[in-house]
Amino acid sequence: MDERTVRIGVALGGGSARGYAHIGALAALERADLAPEVVVGTSFGAVVGALYALGDGIDAMRARAERMRRRDVLPKVVDFGLHRGALFRGRRLEAYFDRLVDGRSFEDLSRTLVVTATDADTGERVRLERGPLAPALRASASLPGIFAPVVLEGRRLIDGGIGAPVPVETLDAFDLDVRLGIGAGAVADDSVTIRAVRRALAHPWGSDVHRRLRKGGPGAVGRLARALAWTADGYGAAAPHGLQVHTRPPIHWLRFDRAGDAIRAGDTALEGALPALRTAVRRAGAR
């Protein structure tokens with residue numbers, strides 16, 4: 001196998017505004033002539049992945065992101081939905097995504113994209129890869145308690161980052177030579193919350209609370225309890241296999257006005273990972 005024929009797949013994690021770092025990471029991959037053939041994304045990573053897979057150039061994506069302000073996003077996605085067990089109903093979020101992707105579908109993509117979501121009743125990871133993009137993006141970004149679940153293909157779906165913040169394992173379904181996970185959310189080394197959850201899970205009382213949450217119950221409260229347990233599972237899980245890059249964008253998850261800082265962090269992080277990535281590509285090419 002020649003290095004030029006090595007097939008690369010990337011998995012883009014969530015992180016809201018911090019997910020703009022994925023634009024920088026993709027830019028660094030393209031400069032290195034290592035553009036991925038397959039993109040898997042969850043939450044904001046799915047949004048960036050969709051725009052990239054639709055053929056929006058990196059420069060155009062960067063320019064659009066750097067023009068963004070919080071007032072351009074938050075007022076456009078607010079539609080209170082407490083009657084549905086969440087702060088927001090989510091229909092305006094879907095309409096926002098539909099405008100962002102110009103109403104297009106998976107069938108319009110120039111490269112393979114999978115959007116991941118989570119079944120709100122079973123915790124199963126769900127792959128979305130056909131039909132209109134906007135409902136899939138909405139489902140993947142529907143953080144429990146914030147946005148109501150989305151019913152797609154007969155299932156109630158919530159945020160794809162529940163239990164799998166960076167969905168690298170979803171790439172296993174494809175014939176790829178190199179798999180790369182790119183994170184933009186919180187990591188244990190930087191997060192007091194994640195470290196506290198891991199300590200709690202290590203104690204009997206924490207395990208008992210976790211077990212009760214997993215049982216959940218009927219209705220929205222039960223689904224929220226189960227989602228909290230699955231999120232804790234994700235915090236406590238071992239790092240997924242394959243190459244991993246964390247971009248550590250230096251911004252809050254709602255600072256859409258600081259996209260440029262996140263993009264630069266993604267570019268820098270991926271540049272730092274290029275030696276390991278090139279080594280993996282050479283080894284795959286030599287097989």
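Put simply, V47 and I251 are part of two different groups of oily side chains (I, L, V, M, F, W, Y) that touch within less than 4.5 Å, one to the next. Hydrophobic clustering (side-chain heavy atoms under 4.5 Å, transitive across Ile, Leu, Val, Met, Phe, Trp, Tyr) groups L243 together with V245.
One finds a salt bridge joining R155 and D119 here, because a Lys/Arg side-chain nitrogen approaches an Asp/Glu carboxylate oxygen to under 4.0 Å. A salt bridge is absent between E169 and R179: the closest approach of a Lys/Arg side-chain nitrogen to an acidic carboxylate oxygen does not fall below 4.0 angstrom. One finds a salt bridge joining D121 and R156 here, because a Lys/Arg side-chain nitrogen approaches an Asp/Glu carboxylate oxygen to under 4.0 Å.
Listed by chain and residue number, T42 satisfy the side chain to side chain donor-acceptor pair (under 3.5 Å) test with T116 (two or more places apart in sequence, or in another chain). Judged as a side chain to side chain donor-acceptor pair (under 3.5 Å), and not counting sequence neighbours, the contacts of T279 are R282. Legend: residues meeting side chain to side chain donor-acceptor pair (under 3.5 Å) with R258, ordered by chain and number and at least two apart, are D261. By the side chain to side chain donor-acceptor pair (under 3.5 Å) test, E37 is found to be paired with R7, residues two or more places apart in sequence or in another chain being considered. Listed by chain and number, the residues in a salt bridge (charged side-chain N to carboxylate O under 4.0 Å, His left out) with E153 are R130 (sequence neighbours excluded).
Residue pairs that meet the salt bridge (charged side-chain N to carboxylate O under 4.0 Å, His left out) test with at least one member in residues 38-63, sequence neighbours left out, are D56-R104.
Counting heavy atoms from C-beta on, the side chains of Y52 and P36 come closer than 4.5 Å. Between P144 and D159, the closest side-chain pair of non-hydrogen atoms falls below 4.5 Å. Using a 4.5 Å cut-off on side-chain heavy atoms (C-beta onward), E124 and T118 make no contact. Under the 4.5 Å side-chain criterion, counting only non-hydrogen atoms from C-beta, L157 is not in contact with P149. A heavy-atom distance below 4.5 Å is found between the side chains of L34 and V281.
Geometrically, R69 does not engage F256 in a cation-pi contact, judged by NZ or CZ lying under 6.0 Å from the ring centre and within 45° of the ring axis.
Smallest separation of non-hydrogen atoms from P132 and S105: CA-OG, 3.6 Å. Heavy-atom minimum distance, L152 versus P135: CD1-O, 3.8 Å. Considering all non-hydrogen atoms of both residues, A11 and L171 come closest at N-CD1, 3.9 Å. In terms of heavy atoms, F106 sits closest to V115 at CZ-CG2, 3.8 Å. The minimum heavy-atom distance linking G19 with A184 is given by the pair CA-CB, 3.9 Å. Heavy-atom minimum distance, A17 versus A262: O-CB, 4.1 Å.
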From CA spacing to verdict: side chain to side chain contact (heavy atoms under 4.5 Å, CB included), L51, L100: CA-CA 8 Å; L51 294 173; L100 197 63; 4.3 Å; yes
task: For the pair L54 and V101, evaluate side chain to side chain contact (heavy atoms under 4.5 Å, CB included) and give the outcome as yes or no after the intermediate values.
output: CA-CA 8 Å; L54 280 166; V101 299; 3.9 Å; yes
Verdict with supporting geometry, I8 and D177, side chain to side chain contact (heavy atoms under 4.5 Å, CB included): CA-CA 6 Å; I8 299 172; D177 303 296; over 6 Å; no
Side chain to side chain contact (heavy atoms under 4.5 Å, CB included) between L113 and V40, intermediate numbers included: CA-CA 6 Å; L113 171 74; V40 171; over 6 Å; no
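Distance check: L29 CG to L180 CG gives 6.5 Å after rounding to the nearest 0.5 Å. R264 CZ to Y20 OH: the interatomic distance, rounded to the nearest 0.5 Å, is 14.0 Å. The distance from the CG atom of D79 to the CD atom of E94 is 10.5 Å, given to the nearest 0.5 Å. Here the CZ atom belonging to R138 is positioned 10.0 Å from the CZ atom belonging to F97, to the nearest 0.5 angstrom. Residue E30 holds its CD atom at 11.0 Å from CG of L270, rounded to the nearest 0.5 Å. Remark: I182 CD1 to T247 OG1 distance equals 8.0 Å, nearest 0.5 Å.
Using a distance-only test at 3.5 Å, with no hydrogens or angles considered, a donor-acceptor pair links the side chain of H22 to the main chain of G13. No donor-acceptor pair under 3.5 Å is formed between the side chain of R111 and the backbone N or O of V39. In terms of modelled atom types and a separation under 3.5 Å, the side chain of S16 and the main chain of R18 share no donor-acceptor contact. In terms of modelled atom types and a separation under 3.5 Å, the side chain of S110 and the main chain of A53 share a donor-acceptor contact.
Other residues, nucleotides and ligands contribute only 12 or fewer heavy atoms inside 6.0 Å of the CZ atom of R91.
Using cut-offs of 30° and 60° for the angle between ring planes, the F147 and F88 rings count as tilted.
Screening L109, D108, D98 against L133 for a side chain to side chain contact (heavy atoms under 4.5 Å, CB included) leaves a single residue, L109.
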